[in-house]
Amino acid sequence: MPDRFATLLSCIDGRVQRPLDEWVRRHLDVDYLDTITEPGPEVVLATTGEAGLDALLDKVRISQRAHGSATLVVAGHSDCAGNPVSVAEHHRQLHTGLSRLAARLPGTRILAVHAGTCGHRCWAPELVAEVTPPTTGS
């Protein structure tokens with residue numbers, strides 16, 4: 001059986017890397033996770049111009065081509081220095097970003113996750129939204 005990959009677009013903040021990695025592996029049952037980091041990725045996806053979006057998508061497509069990743073997880077988190085907004089705003093940005101990505105990544109399952117604080121050095125990722133590509137019938 002070939003190795004199974006997913007792709008994670010998350011914040012550069014090292015505090016959330018392990019909890020997000022564990023969440024993705026557990027929820028998607030994948031062996032490997034290609035990780036792309038960007039400060040406040042949900043605000044970037046929601047507000048950046050086409051050139052900025054294309055630059056991020058180029059990285060996602062490398063994971064898809066090289067490793068066969070068919071799932072992209074976009075993750076934001078509370079207490080983000082790159083995107084210091086409310087949890088509700090993080091969620092709104094994640095929804096907007098997913099809409100923009102879905103149109104550009106046909107056939108890709110896309111999940112939006114937010115990691116909230118659950119205590120000292122504790123992060124609790126939660127699924128915010130998901131876009132699943134339509135299945136093709138025969």
> Under 4.5 Å between side-chain heavy atoms, hopping through other hydrophobics if needed: is there a path connecting V131 to L127?
Replying inline: no
Atom pairs and distances, donor-acceptor, side-chain atoms in residues 74-82, under 3.5 Å, two or more places apart:
from: D79; atom 1: OD2; to: R15; atom 2: NH1; distance (Å): 2.8
from: D79; atom 1: OD2; to: R15; atom 2: NH2; distance (Å): 3.3

> Which pairs with one or both residues in residues 47-56 pass salt bridge (charged side-chain N to carboxylate O under 4.0 Å, His left out), sequence neighbours excluded?
Replying inline: E50-R100, E50-R104
> Tell me, do L8 and L20 make a side-chain contact under 4.5 Å, heavy atoms counted?
Replying inline: yes
>> Test side-chain contact (heavy atoms from CB on, under 4.5 Å) on L53 and L101; report intermediate values, then the result.
In response: CA-CA 9 Å; L53 189 58; L101 289 172; 4.2 Å; yes
> Mind checking what makes salt bridge (charged side-chain N to carboxylate O under 4.0 Å, His left out) contact with E89, not counting sequence neighbours?
Replying inline: R92
>> If you define the side chain from C-beta out and look only at heavy atoms, does anything of V16 sit under 4.5 Å from S10?
In response: no
> Can you list the residues that meet the salt bridge (charged side-chain N to carboxylate O under 4.0 Å, His left out) rule with D29, with sequence neighbours excluded?
Replying inline: R4
> Looking only at atom types and distance, does a side-chain atom of S63 sit under 3.5 Å from a main-chain N or O of K59, one as donor and one as acceptor?
Replying inline: no
> Under the side-chain hydrogen bond (donor to acceptor under 3.5 Å, both in side chains) rule, what pairs show up with a residue in residues 106-129, not counting sequence neighbours?
Replying inline: Q64-T108, R109-E130
> Residues two or more places apart in sequence or in another chain: which of them pass salt bridge (charged side-chain N to carboxylate O under 4.0 Å, His left out) with D21?
Replying inline: R25
> How would you list, by chain and number, every residue that makes a side-chain hydrogen bond (donor to acceptor under 3.5 Å, both in side chains) with E38, sequence neighbours excluded?
Replying inline: none
> Do the non-hydrogen side-chain atoms of L72 and L105 ever get within less than 4.5 Å of each other?
Replying inline: yes
>> According to side-chain hydrogen bond (donor to acceptor under 3.5 Å, both in side chains), who are the partners of S69, at least two apart in sequence or on a separate chain?
In response: T7
>> I'd like to check the side-chain hydrogen bond (donor to acceptor under 3.5 Å, both in side chains) partners of H27; sequence neighbours left out, ordered by chain and number.
In response: W23
> Under a single-linkage rule joining Ile, Leu, Val, Met, Phe, Trp and Tyr whose side-chain heavy atoms are separated by less than 4.5 Å, which residues share a cluster with I12?
Replying inline: none
> Other hydrophobic cluster members with V85, side-chain heavy atoms of Ile/Leu/Val/Met/Phe/Trp/Tyr under 4.5 Å, chained?
Replying inline: none
> Can you list every pair that meets disulfide bond (SG atoms under 2.5 Å apart) and has a residue in residues 82-130, with sequence neighbours left out?
Replying inline: C118-C122
>> Just checking R26: does its CZ atom have more than 12 heavy atoms from other residues, nucleotides or ligands closer to it than 6.0 angstrom?
In response: yes
>> Using every non-hydrogen atom in the two residues, find where A112 and L94 come nearest and quote the distance to one decimal.
In response: CB-CB, 3.8 Å
>> Could you measure the distance from the NE2 atom of H90 to the CG atom of N83? Nearest 0.5 Å is fine.
In response: 5.0 Å
> In terms of hydrophobic clustering (I, L, V, M, F, W, Y; side-chain heavy atoms under 4.5 Å; direct or indirect links), are I36 and L111 co-clustered?
Replying inline: no
>> With side-chain contact (heavy atoms from CB on, under 4.5 Å) as the criterion, how do L33 and L28 come out once you've worked through the C-alpha distance, each side chain's angles and the decisive distance to 0.1 Å?
In response: CA-CA 10 Å; L33 187 59; L28 298 179; over 6 Å; no
>> Within the structure provided, determine whether V60 and D58 are in side-chain contact (heavy-atom separation under 4.5 Å).
In response: no
> Does the side-chain contact (heavy atoms from CB on, under 4.5 Å) test come out yes or no for L9 and L45, once each step is laid out?
Replying inline: CA-CA 10 Å; L9 173 57; L45 291 175; 3.7 Å; yes
> Should V44 and L56 be marked as a side-chain contact (heavy atoms from CB on, under 4.5 Å) after you check the CA-CA gap, both sets of side-chain angles, and the distance that decides it?
Replying inline: CA-CA 9 Å; V44 173; L56 285 174; 3.7 Å; yes
> Counting only N and O atoms by type, is there a donor-acceptor contact under 3.5 Å from the side chain of Q17 to the main-chain atoms of C11?
Replying inline: yes
